[in-house]
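Protein chains get the first letters and strands the later ones, always in sequence-line order, with residue 1 at the start of each.
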Amino acid sequence: MDAGEQRCFSRTIDISNVDKVFFPDAGLTKGELLDYHVRIAELLLAHLDGRPVAVKRYPDGLEGQGFFQKNAGSHFPDWLRRQDIPKRDGGTLDHVVVDEPAALVYLADQGTIEFHPWLSLADDLEHPVELVLDLDPPAQGEVGAVRQAARQVHTLLDELEVASRIKTSGSAGFHVHVPLDGSAGWDVVSALARSLAEAVCERHPDALTTSHRKQGRTGRVFVDWLRNSYGQTSVAAYSVRARPGAPVATPIDWGELRTVEPRSYDVGNLFRRLGQRDDPWRDDPPAAAAAQVSDRLEALREDG
DNA sequence: GACGTAT
DNA sequence: ATACGTCAACGCATT
DNA sequence: AATGCG
Ligand SMILES: [Mn+2]
Ligand SMILES: [Mn+2]
C-alpha cells in the first residue's frame, strides 16, 4: 500500500508511514499490514460487523508500546461509526463500532494490530450473539494439553447438542465459539459459560482449571469463561496478533485440531490456506438459546 | 498516531 | 521547524 | 477496597 490519500472500499483514507517496520522478526512493514487488512477485510468484517470493537494499537510496531482503545478518537473520520455506550460503573463510552471494510483499513492505519469485538451487537448490547471459551495452556508451546482441552470442551458441547466452532488464538491456545440466538442476557450467558467451564474442569481436574489467578493453575490448562461479560471482548477471527511472526487468529475445522497449532497461521501464509479452502466459519451453524442449554447442562451435571 | 506546548 | 510530553479500557472473581 | 487477570 502506498502513502497518501487512497480510495479504499469507497472511502478516502490518508495512509502514513508505510515503510515503518511493524514486525521486525518477520520484516513486515505497516504497508504490508495494511495490505493484509485490505485483503482480509471481507472475512474479518464478517465476524465483527455491527459490534463495538476495541482495538489494540502499536503506532511504533511491536517494538513500541501498545494500548487498548475503545473510544473513537476526536480525529477519527465522520464516516467511522461510533456509539454512546453506557459503562457498568455509570460512565459512558464513545465506542468505535465497525460496520464496513474501510473502517478496518482506517484503524489499521492508526497502528491497530489487534481487533477485539464485543460478544454483543451495538444495536443490542445486552444480548450476546456468541459465547467464547478461551483455552490457555500453562506455558507457551504446550500444544498437546490445550488441544486435548479443546476436544473435551467440544465433547461436552456435543453432548448438549450445541454447535461450536474453534479458532487458533494466534498466541498460545485456542478459542471455542458458541453462536447464540440473542434470547438471553449477560446474566444467563455468563452463568452458562461458567457452568460449562466448571463442568469440563470437573471431568478432567488434573488437566484443566478455572482458576483466574495464575498461582492456582499449577500446570493445568486455564478454561477462561470470564470473557462472557458486558463490555468484555475477545480477539476477532482473522485478527493479526501483536506477537513475533505476525500470527493470525484463524478459524479451523474441528478435524484440523490434530495438526494445527495456535500460531500455525500468520500474515505470511494465511492466504495460501484460504486459496485452498473456504473460511471454515463461512456457514453459520444453528444458534443456541443459552437458557435452554443451561437447563440441559444442569441435568447432565446431576446425572454424570 | 495526533495534538499541544516549549525551544 | 523540531522536539518532547501526553493520551489512547474495561469488568469482575477473588483476596 | 484493592488486586490480578485477560
Ligand atoms: Mn487466550
Ligand atoms: Mn508516536
Side-chain angles (χ1 to χ4, degrees), chain A residues 3-4 13-20 22 29-31 33-34 51-77 80 82-97 105-120 125-126 128 132-138 140 146 169-176 185-187 189-191 193-195 197-198 201 209-217 220-236 239 241-243 249 262:
Chain A
I13 303 173
D14 191 5
I15 300 297
S16 66
N17 298 316
V18 292
D19 293 326
K20 186 184 277 192
F22 263 42
T29 64
K30 188 185 175 200
L33 192 63
L34 285 161
R51 302 194 205 187
V53 175
V55 291
K56 195 164 187 194
R57 294 173 55 194
Y58 290 78
D60 295 312
L62 262 200
E63 301 290 76
Q65 197 206 314
F67 55 91
F68 272 92
Q69 182 166 2
K70 289 184 169 182
N71 288 294
S74 54
H75 62 281
F76 283 19
L80 194 82
R82 60 180 74 204
Q83 182 168 308
D84 280 344
I85 290 182
K87 296 195 287 184
R88 284 305 196 215
D89 72 4
T92 304
L93 297 166
D94 177 25
H95 211 300
V96 170
V97 176
V105 178
Y106 175 79
L107 292 166
D109 182 62
Q110 288 294 299
T112 296
I113 293 181
E114 301 187 355
F115 292 86
H116 294 253
W118 287 38
L119 303 187
S120 56
L125 295 170
E126 297 292 347
V132 177
L133 292 178
D134 171 16
L135 307 175
D136 293 323
Q140 175 87 247
V146 73
S169 73
S171 184
F174 296 95
H175 295 170
V176 176
W186 286 109
D187 51 351
V189 172
S190 184
R194 181 179 189 150
S195 294
E198 288 175 349
C201 288
T209 179
T210 57
S211 177
H212 197 226
R213 294 293 227 263
K214 283 182 174 175
Q215 189 177 19
R217 298 184 196 168
R220 294 171 287 177
V221 172
F222 175 40
V223 182
D224 181 6
W225 56 272
L226 272 166
R227 313 288 77 223
N228 303 280
S229 293
Y230 180 88
Q232 298 304 101
T233 64
S234 65
V235 77
S239 175
R241 304 306 307 274
R243 301 292 163 86

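- Contact annotation: A:Lys70 does not reach the phosphate of C:dC10 (side-chain N/O to OP1 or OP2, under 4.0 Å).
- Look at the C1' atom in both C:dA9 and D:dC5: the space between them is 14 Å, to the nearest Å.
- Closest approach to the A:Lys20 side chain among C:dC12, C:dA9, B:dG1 is made by B:dG1 (side chain taken as heavy atoms from C-beta onward).
- Using a distance-only test at 3.5 Å, with no hydrogens or angles considered, a donor-acceptor pair links the side chain of A:Arg227 to the main chain of A:Thr233.
- Across all strands, A:His212 comes closer than 4.0 Å to base atoms (heavy-atom distances).
- A heavy atom closer than 4.0 Å to some atom of DNA chain D occurs in A:Arg227, A:Gln232, these being the qualifying members of residues 227-235 of chain A.
- Of the candidates A:Pro128, A:Ser229, A:Ser195, A:Ser229 is the only one forming a side chain to side chain contact (heavy atoms under 4.5 Å, CB included) with A:Ser190.
- Between A:His116 atom NE2 and C:dA8 atom P there is a gap of 18 Å when expressed in whole angstrom units.
- Distance, A:Gln140 CD to D:dG6 P: 13 Å, rounded to whole Å.
- Atom name C1', nucleotides C:dG11 and B:dG1: the rounded distance is 28 Å, in whole Å.
- Of the candidate nucleotides C:dA9, D:dT3, D:dG6, C:dA9 has the atom lying nearest to any side-chain atom of A:Leu93.
- Here the side chain of A:Arg243 pairs no donor or acceptor atom with the backbone of A:Gly170 at under 3.5 angstrom.
- Nearest to the side chain of A:Arg213, among D:dG6, C:dC10, D:dG4, sits D:dG4.
- Between the A:Asp134 side chain and the A:His175 main chain, no donor and acceptor come within less than 3.5 Å of each other.
- Taking atom CG of A:Asn71 as the reference point, atom P of C:dA9 lies 4 Å away to the nearest angstrom.
- Checking B:dG1, D:dT3, C:dG11 against every side-chain atom of A:Asp89, the shortest atom distance belongs to C:dG11.
- The closest side-chain heavy-atom distance from A:Pro138 to A:Arg217 is not below 4.5 Å.
- Using atom C1' as the reference point in both B:dA2 and C:dC10, the two lie 23 Å apart (nearest Å).
- The shortest side-chain heavy-atom distance between A:Pro52 and A:Leu125 falls under the 4.5 Å cut-off.
- Using a 4.0 Å heavy-atom criterion, one finds that A:Trp186 contacts no nucleic acid atom at all.
- Rounded to whole Å, the distance from CD on A:Gln110 to C1' on B:dA2 is 8 Å.
- In terms of position along DNA chain C, the nucleotide closest to A:Phe67 lies nearer the 5' end than the nucleotide closest to the other residue of the pair A:Phe67 and A:Pro86.
- The interatomic distance linking A:Gln65 (CD) with C:dA9 (C1') rounds to 13 Å, in whole Å.
- The side chain of A:Asp134 sits closest to D:dG6 out of B:dG1, C:dA9, D:dG6.
- Using modelled atom types, one side-chain atom of A:Arg51 and one backbone atom of A:Trp118 make a donor-acceptor pair closer than 3.5 Å.
- Here the CG atom belonging to A:Asp19 is positioned 11.0 Å from the NZ atom belonging to A:Lys30, to the nearest 0.5 angstrom.
- Listed nucleotides: D:dG4, C:dC12, B:dG1. Nearest to the side chain of A:Arg88: C:dC12.
- Candidate nucleotides B:dG1, C:dG11, C:dT14 were compared by shortest atom distance to the side chain of A:Arg57, and B:dG1 ranks first.
- Aromatic ring pairs are classed by plane angle as parallel below 30°, tilted from 30° to 60° and perpendicular above 60°; the pair A:His212 and A:Phe222 is tilted.
- Applying the 4.0 Å criterion to OP1 and OP2 of C:dT14, one finds that A:Arg194 has a side-chain N or O inside that range.
- Counting any heavy atom pair closer than 4.0 Å across all strands shown, A:Lys56 reaches no nucleic acid atom.
- Straight-line distance from the CH2 atom of A:Trp118 to the P atom of C:dC12: 10 Å, rounded to whole Å.
- Atom CZ in A:Phe68 sits roughly 16 Å away from atom P in D:dC5 (whole-Å rounding).
- Contacts of A:Phe222 with the nucleic acid, taken as non-hydrogen atoms under 4.0 Å apart, involve only primed sugar atoms and P, OP1 or OP2.
- Residue A:Gln215 contributes atom CD, which lies 12 Å from atom C1' of C:dT14 at whole-angstrom precision.
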